Undergrad: 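There's a structure below that I have some questions on.
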Amino acid sequence: MKRYIGNKQKLLHHIDEFIQDNNIKANSFFDLFSGTGSVADYFKSKYDVSANDIMYYSYVILKAKLSFKSSPEFKKFVSKYKTDPINHINNLTNSNGKKIIFENFSPKGGRKYFTEENAIKIDLARNFIDDILAQKEITKNEWYYLLACIISTANSKGNTTGTFGAYLKYFSASSIKLIEFKHIEMNVGNKGVAYSLDGKKLVKKIETDILYLDPPYTAIDYSQSYHFLESLALYDTNEYKGITGRRIENLKVSKYTKSTTALEELTETIKLAKGAKNIIISYSTHGIISLDEIKKLLAKFYKEVKLKKFEYSKYRNVYKNDKGDLYEVLILGKGRKKWNQY
Ligand SMILES: C[S@@+](CC[C@H](N)C(=O)[O-])C[C@H]1O[C@@H](n2cnc3c(N)ncnc32)[C@H](O)[C@@H]1O
């Protein structure tokens with residue numbers, strides 16, 4: 001999924017190399033803060049992969065990417081409609097269904113995330129996949145896949161600068177174009193397991209060779225920045241607040257986005273990760289928690305700690321502040337100590 005903050009798409013080969021260079025023998029890989037699922041999707045051809053994220057829209061994408069060995073075939077749907085479901089969705093014109101996007105996220109509802117025409121197209125698509133699931137013309141996993149396609153297309157077509165924290169005053173050239181839904185990109189590989197839980201609650205149940213942690217590392221909170229994707233995924237009768245249309249009921253603000261709670265949250269998570277033989281953390285030199293604190297923390301629970309930096313400018317725009325040049329960092333905790341050695 002394009003434009004997702006913290007997406008590790010461009011670091012995948014480095015993560016892979018880091019694992020090889022440090023001679024980590026593994027069969028299983030658990031991606032606890034999986035977001036777009038790019039890391040889990042990459043490693044599903046190598047390891048038994050599991051992935052988790054607290055946001056429901058992310059869970060939908062993880063189900064789409066991990067429920068099939070390759071893109072689904074939609075056998076029942078194709079035998080009835082004689083066409084690919086995405087193609088069919090792009091040609092829909094009529095629905096008596098709900099109009100949540102039109103009424104809340106287009107000028108009709110006083111907000112400019114989508115033109116009225118595109119908002120109606122998203123509503124049509126969203127209602128249609130619920131209908132064909134109810135008619136048993138697709139399986140539940142195929143429904144997740146189609147919803148992931150709708151979420152991913154809507155994410156790239158919003159009238160925003162990238163996140164849904166706010167919309168632009170005037171419709172951009174690309175947001176005026178008629179929306180055309182596309183299949184999501186995913187790799188061929190083994191099926192995996194998806195979860196949608198708070199990482200700290202899930203971690204104590206995990207048994208894995210590699211636990212990969214990529215938590216938020218700035219004050220930007222995903223439940224706020226991507227509230228629209230959550231509302232599109234849930235498609236519920238929530239109230240939408242203020243100018244931006246955020247969800248009134250939002251219990252998912254991450255403790256990793258607050259300087260008062262981030263270190264404590266990471267400490268507890270690593271402490272509870274008794275079943276993780278090795279941990280790899282993705283973080284940034286400009287993150288809320290300092291790298292020294294992370295190294296100290298890993299050294300308490302793991303026999304060896306290794307760190308590798310990657311120039312941020314290679315992956316994004318050059319970024320500097322009073323902490324100096326910005327680097328993406330991978331930190332490894334290798335070999336969990338026995339509990340009486342902590
Ligand atoms: C830096 S992003 C991960 C990006 C991901 N590696 C990718 O390539 O798309 C951090 C993710 O952590 C999730 N998150 C934040 N707090 C969480 C928590 N307590 N438990 C689980 N997931 C959480 C956010 O929803 C977000 O998707």
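None of these values were measured; they are calculated from a predicted model.
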Undergrad: Can you spot which of Phe228, Tyr235, Phe114 makes a ring pair (Phe, Tyr, Trp, His ring centres under 6.0 Å) with Phe105?
TA: Phe228
Undergrad: Give, for atom NE2 of His14 and atom CD1 of Ile19, the distance between the pair rounded to the nearest 0.5 Å.
TA: 13.5 Å
Undergrad: In this structure, are over 12 heavy atoms from other groups packed under 6.0 Å from Glu17 atom CD?
TA: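 Enclosed: over 12 neighbouring heavy atoms sit under 6.0 Å from CD of Glu17.
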Undergrad: For a 4.5 angstrom cut-off between non-hydrogen side-chain atoms, does Val49 reach Asn190?
TA: no
Undergrad: Test side-chain contact (heavy atoms from CB on, under 4.5 Å) on Lys296 and Lys300 and set out the steps.
TA: CA-CA 6 Å; Lys296 220 165 85 191; Lys300 187 166 174 209; over 6 Å; no
Undergrad: Assess, by modelled atom type and distance only, whether the side chains of Thr139 and Asn141 contain a donor and an acceptor separated by less than 3.5 Å.
TA: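 Not at all, the side chains of Thr139 and Asn141 share no donor-acceptor pair under 3.5 Å.
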Undergrad: Taking NZ, NE, NH1 and NH2 as the nitrogens, is one of them in Lys191 or Asp48 under 4.0 Å from a carboxylate oxygen of the other?
TA: no
Undergrad: Apply ring-ring contact (aromatic ring centres under 6.0 Å, His included) to the pair His286 and Tyr327, showing each step before the final yes or no.
TA: CA-CA 8 Å; His286 288 31; Tyr327 292 91; 8.5 Å; no
Undergrad: Are Tyr195 and Tyr59 an aromatic pair by the rule of ring centers under 6.0 Å?
TA: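 No - the distance between ring centres of Tyr195 and Tyr59 does not fall below the 6.0 Å cut-off.
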Undergrad: Dump the intermediate steps for side-chain contact (heavy atoms from CB on, under 4.5 Å) on Ile281 and Ile294, then the final yes or no.
TA: CA-CA 9 Å; Ile281 302 179; Ile294 299 180; 3.7 Å; yes
Undergrad: Is there a path of hydrophobic side-chain contacts, each under 4.5 Å between heavy atoms of I, L, V, M, F, W or Y residues, that connects Trp339 with Leu211?
TA: yes
Undergrad: Check whether the side chains of Gln135 and Asp131 place a donor and an acceptor atom closer than 3.5 Å, and report yes or no.
TA: no
Undergrad: So, taking the atom named NZ in Lys309 and the one named OG1 in Thr285, what distance separates them when rounded to the nearest 0.5 Å?
TA: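 The NZ atom of Lys309 sits 6.5 Å away from the OG1 atom of Thr285.
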Undergrad: Looking at Asn27, I'd like to know if its CG atom is crowded, meaning that more than 12 non-hydrogen atoms belonging to other residues, nucleotides or ligands lie closer than 6.0 Å.
TA: no
Undergrad: Does a side chain donor of either Lys157 or Asn155 reach within less than 3.5 Å of an acceptor in the other side chain?
TA: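 There is no such pair (donor and acceptor under 3.5 Å, judged by atom type) between the side chains of Lys157 and Asn155.
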Undergrad: Could you work out, with salt bridge (Lys or Arg N to Asp or Glu O under 4.0 Å) as the rule, every residue matching Glu230, not counting sequence neighbours?
TA: Lys252
Undergrad: Do you see a donor-acceptor pair shorter than 3.5 Å between the side chains of Tyr145 and His183?
TA: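 Result is yes, a qualifying pair exists.
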Undergrad: Using a distance-only test with no angle check, is there a side-chain donor-acceptor pair under 3.5 angstrom linking Ser254 and Thr257?
TA: no
Undergrad: Please determine if Asp21 and Lys306 form a salt bridge, counting it only when a charged side-chain N lies under 4.0 Å from a carboxylate O.
TA: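 So Asp21 does not pair with Lys306 through a salt bridge.
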Undergrad: With a 3.5 Å cut-off and no angle check, do the side chains of Tyr81 and Glu137 form a donor-acceptor pair?
TA: yes
Undergrad: Check whether the ring centres of Tyr240 and His227 lie less than 6.0 Å apart, and answer yes or no.
TA: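 No; His227 has its ring centre 6.0 Å or more from that of Tyr240.
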Undergrad: So does Asn340 have more than 12 non-hydrogen atoms from other groups sitting under 6.0 Å from CG?
TA: yes
Undergrad: Below 4.0 angstrom, N of the basic side chain to O of the carboxylate: do Asp214 and Lys8 qualify?
TA: yes
Undergrad: So, do Phe301 and Tyr342 have ring centers that fall under 6.0 Å from each other?
TA: yes
Undergrad: Identify whether the distance between the nearest side-chain nitrogen and carboxylate oxygen of Arg126 and Asp123 falls below 4.0 Å.
TA: no
Undergrad: Ser67 side chain to Lys63 main-chain N or O, any donor-acceptor pair under 3.5 Å?
TA: yes
Undergrad: Go through the steps for Lys140 and Glu142 under the test salt bridge (charged side-chain N to carboxylate O under 4.0 Å, His left out), then give the verdict.
TA: CA-CA 5 Å; Lys140 185 77 195 213; Glu142 287 172 339; over 6 Å; no
Undergrad: Run the salt bridge (charged side-chain N to carboxylate O under 4.0 Å, His left out) test on Lys46 and Asp16 for me, step by step, so that the C-alpha distance in whole Å, both residues' side-chain angles and the decisive distance to 0.1 Å come before the verdict.
TA: CA-CA 10 Å; Lys46 286 196 150 185; Asp16 202 353; 2.8 Å; yes
Undergrad: Testing Tyr113, Tyr4, Tyr56 for ring pair (Phe, Tyr, Trp, His ring centres under 6.0 Å) with Tyr226, which one passes?
TA: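 Checked Tyr113, Tyr4, Tyr56 against Tyr226; only one passes ring pair (Phe, Tyr, Trp, His ring centres under 6.0 Å): Tyr4.
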Undergrad: Is there a path from Ile179 to Ile176 through hydrophobic residues (I, L, V, M, F, W, Y) whose side chains come within less than 4.5 Å of each other?
TA: no
Undergrad: Around atom CD of Glu116, are there more than 12 heavy atoms from other residues, nucleotides or ligands closer than 6.0 Å?
TA: yes
Undergrad: Here's a test for you: under ring pair (Phe, Tyr, Trp, His ring centres under 6.0 Å), which of Phe33, Tyr256, Tyr212, Tyr217 qualifies with Tyr283?
TA: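 Among Phe33, Tyr256, Tyr212, Tyr217, the one meeting ring pair (Phe, Tyr, Trp, His ring centres under 6.0 Å) with Tyr283 is Tyr217.
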Undergrad: Drop me the distance from Leu124's CG to Asn118's CG, to the nearest 0.5 angstrom.
TA: 11.0 Å
Undergrad: In terms of hydrophobic clustering (I, L, V, M, F, W, Y; side-chain heavy atoms under 4.5 Å; direct or indirect links), are Leu234 and Phe128 co-clustered?
TA: yes
Undergrad: Can you tell me how far apart OG (Ser38) and CZ (Phe43) are? Round to the nearest 0.5 Å.
TA: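 Taking OG in Ser38 and CZ in Phe43, the distance rounds to 10.0 Å.
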Undergrad: Looking at CE of Met55 and CD1 of Ile61, how far apart are the two atoms once the value is rounded to the nearest 0.5 Å?
TA: 11.0 Å
Undergrad: Looking at Lys108, I want to see if its NZ is surrounded by more than 12 non-hydrogen atoms of other residues, nucleotides or ligands under 6.0 Å.
TA: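 Check fails, neighbour count at 12 or below.
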Undergrad: Got a salt bridge between Glu265 and Lys200, using NZ or NE/NH1/NH2 to carboxylate O under 4.0 Å?
TA: yes
Undergrad: Does a salt bridge link Lys277 with Asp209, judged by any charged N lying under 4.0 Å from a carboxylate O?
TA: yes
Undergrad: Under 3.5 Å, is there a donor-acceptor pair between the Glu293 and Ser290 side chains?
TA: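 Judged by distance alone, the side chains do pair up.
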Undergrad: Rounded to the nearest 0.5 Å, how far does CG of Asp31 lie from CZ of Phe29?
TA: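 Spacing of CZ (Phe29) from CG (Asp31) equals 5.5 Å.
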Undergrad: Do Arg111 and Ser106 have side-chain atoms, one donor and one acceptor, less than 3.5 Å apart?
TA: no
